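Below, read A as the first sequence line, B as the second, and so on, with proteins coming before strands; counting in each chain starts at 1. Worth saying up front: this structure is predicted, and the values here are computed from it rather than measured.
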2 protein chains.
Amino acid sequence: MGRGYNQHCTLAYALDQIGERWTLLIVRELLAGPRRYTDLAQGLVTVPSNILASRLRDMEALGLVARKRLPAPAENVTVYELTEEGAALSDAVTALSRWGMRSLPPTTDGRAFRAHWLIPVMEARFDPEAAASVSESYQLQIDDEEFVHFTVHDGHGEALPGPAPEPAVAVSADAETLVALANGAITIPEATSRGATIQGAPDAIQRMLEILPPPTRTSKATARRDAVRR
Amino acid sequence: MGRGYNQHCTLAYALDQIGERWTLLIVRELLAGPRRYTDLAQGLVTVPSNILASRLRDMEALGLVARKRLPAPAENVTVYELTEEGAALSDAVTALSRWGMRSLPPTTDGRAFRAHWLIPVMEARFDPEAAASVSESYQLQIDDEEFVHFTVHDGHGEALPGPAPEPAVAVSADAETLVALANGAITIPEATSRGATIQGAPDAIQRMLEILPPPTRTSKATARRDAVRR
DNA sequence: CCGCATCCGATGTGATACTG
DNA sequence: CAGTATCACATCGGATGCGG
């Protein structure tokens with residue numbers, strides 16, 4: 001990209017730093033915890049290796065990520081992790097995810113899907129008011145493999161990778177069903193009829209649905225892409 | 001750019017739509033109200049005209065902006081305005097602006113500056129709790145030309161272009177002083193000593209400072225850019 | 001294997017010029 | 001005023017290579 005917008009504007013300044021392709025997706029990956037180079041490449045699915053290396057260099061120079069050598073047991077593997085400045089992008093990532101939720105289709109249609117990509121999605125759906133005086137966790141499992149969970153603690157909530165210690169609700173489903181569920185396209189009964197497993201007390205499930213409500217969607221039928229010509 | 005990330009992720013999906021260069025800055029411009037092509041080009045300062053035309057075409061095809069012909073009095077001029085979908089990007093723009101505020105330098109250093117760029121900045125600084133049971137407006141004027149203002153109405157607030165009808169506080173200053181003030185680098189007394197004019201009751205000024213508090217800043221001294229080599 | 005670097009064709013960008 | 005046309009150039013994406 002050409003260098004810089006050269007505008008004294010907080011938005012333009014932010015975009016000068018994280019507006020390049022792949023940068024915010026790298027942040028998304030690292031919001032699920034420190035990752036190795038190859039883990040990042042895998043989570044980003046189609047990123048060219050030279051681009052990934054270049055972005056990590058830039059982000060390190062900007063103070064958004066830090067390299068770290070793992071301690072004793074693991075051999076000399078390097079991991080990347082977000083600095084405080086980089087982690088502060090969480091809110092922006094959440095806001096963009098919330099906007100993307102409005103029109104993301106309810107089916108994957110051959111696109112890649114990873115469980116930890118739901119972390120910003122859950123953060124975006126979180127309703128603090130519904131979570132007042134609630135303290136419990138909700139766990140999601142995809143294809144009997146990866147876990148993510150959301151922990152509520154009295155008005156505050158946080159999405160985290162991995163299984164929950166003591167989930168009040170545990171949902172397990174294949175990717176396609178979980179995507180439709182996260183999208184609000186199907187209800188919990190429909191999900192179970194598709195083979196999903198939902199464990200937990202009915203009132204806990206009810207609380208989960210109120211604390212992580214489905215997105216307000218827009219009818220994308222009105223967007224006519226045939227107007228593009230280039 | 002290569003087309004699409006091909007990931008079923010709300011963030012990647014959002015970035016597929018608005019991640020290209022200039023797009024979010026066009027949204028920033030249109031958040032200040034409908035604009036003509038040449039107004040946009042002026043507000044974006046350095047945008048190449050072909051890029052602007054291309055982006056507007058894409059954004060129209062995506063349903064983010066709509067063209068409109070002005071009514072009777074004005075000749076056949078076309079204006080662009082945000083659709084509901086496009087206006088919904090306001091929160092994401094605000095979140096990115098809030099992040100950019102952390103490290104934006106307090107001086108313009110030759111970069112362009114426009115008053116309406118403060119709209120997302122004021123939205124980002126807004127503290128709803130401090131605004132409970134307050135209903136008034138704060139007006140900013142830059143270089144005796146452009147106005148922006150912020151209206152509070154009982155816990156809700158909104159930044160708008162133009163002068164305020166009955167401002168409780170009216171600040172007027174040159175760009176450099178206003179930038180330093182917005183950045184939190186100088187205090188109101190320091191601003192007045194630089195030639196700024198602040199009109200309003202002392203307690204209204206106090207409320208304004210609590211409702212639109214200065215950003216939490218980060219010491220950018222730690223970011224070593226000399227690590228970049230490319 | 002992990003962590004990149006190199007090469008190359010395709011595409012996007014930026015500056016300028018030009019037109020209905 | 002509201003864009004289109006052109007072209008040099010930077011960047012991206014994909015494949016491949018390569019030392020540790």
Could you go through residues 30-42 of chain A and list every donor-acceptor pair under 3.5 Å that involves a side-chain atom there, pairing it with any protein atom two or more places apart or in another chain?
residue	atom	partner	partner atom	Å
A:R35	NH2	A:A32	O	3.1
A:Y37	OH	A:S49	O	2.7
A:D39	OD2	A:R36	N	3.4

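Atom CG of A:N6 is separated from atom C1' of C:dT13 by 16 Å (rounded to the nearest Å). Rounding to whole angstrom units, CD of residue B:E20 and P of D:dT11 are separated by 16 Å. The distance from atom CZ of A:R35 to atom C1' of C:dC4 is 20 Å, rounded to the nearest whole Å. The distance between atom CG of A:D58 and atom P of D:dT11, rounded to the nearest whole Å, is 10 Å. At whole-Å resolution of the value, CZ in A:R21 and P in C:dA10 are 18 Å apart.
Listed by chain and residue number, A:Q7 satisfy the side chain to side chain donor-acceptor pair (under 3.5 Å) test with B:R28 (two or more places apart in sequence, or in another chain). By the side chain to side chain donor-acceptor pair (under 3.5 Å) test, B:D174 is found to be paired with B:T177, residues two or more places apart in sequence or in another chain being considered. Considering only residues two or more places apart in sequence or on other chains, A:F150 meets the ring pair (Phe, Tyr, Trp, His ring centres under 6.0 Å) condition with A:F126. Every residue two or more places apart in sequence or in another chain that forms a side chain to side chain contact (heavy atoms under 4.5 Å, CB included) with B:Q139 is listed here: B:F147, B:H149, B:P163, B:A164, B:P167, B:A170. In this view, B:D16 satisfies the side chain to side chain donor-acceptor pair (under 3.5 Å) rule with no residue, not counting sequence neighbours. Partners of B:R194 by salt bridge (Lys or Arg N to Asp or Glu O under 4.0 Å), not counting sequence neighbours: none found.
Side-chain N/O atoms of A:W22 include one lying less than 4.0 angstrom from OP1 or OP2 on D:dG13. Remark: A:R55 is not in phosphate contact with C:dC4, judged by side-chain N or O atoms under 4.0 Å from OP1 or OP2. Look at B:R57 and you won't find any side-chain N or O under 4.0 angstrom from OP1 or OP2 of D:dG3.
Residues A:T151 and A:S137 bring a donor and an acceptor atom of their side chains to less than 3.5 Å of each other.
Within residues 41-52 of chain B, the residues having any heavy atom closer than 4.0 Å to DNA chain D are, in order of number, B:S49, B:N50.
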Dump the pairs, protein N or O against N or O of nucleotides 1-3 of chain C, anything under 3.5 Å, distances to one decimal.
residue	atom	partner	partner atom	Å
C:dG3	OP1	A:T78	O	3.4
C:dG3	OP2	A:Y37	N	3.4
C:dG3	OP2	A:T38	N	3.2
C:dG3	OP2	A:T38	OG1	3.0

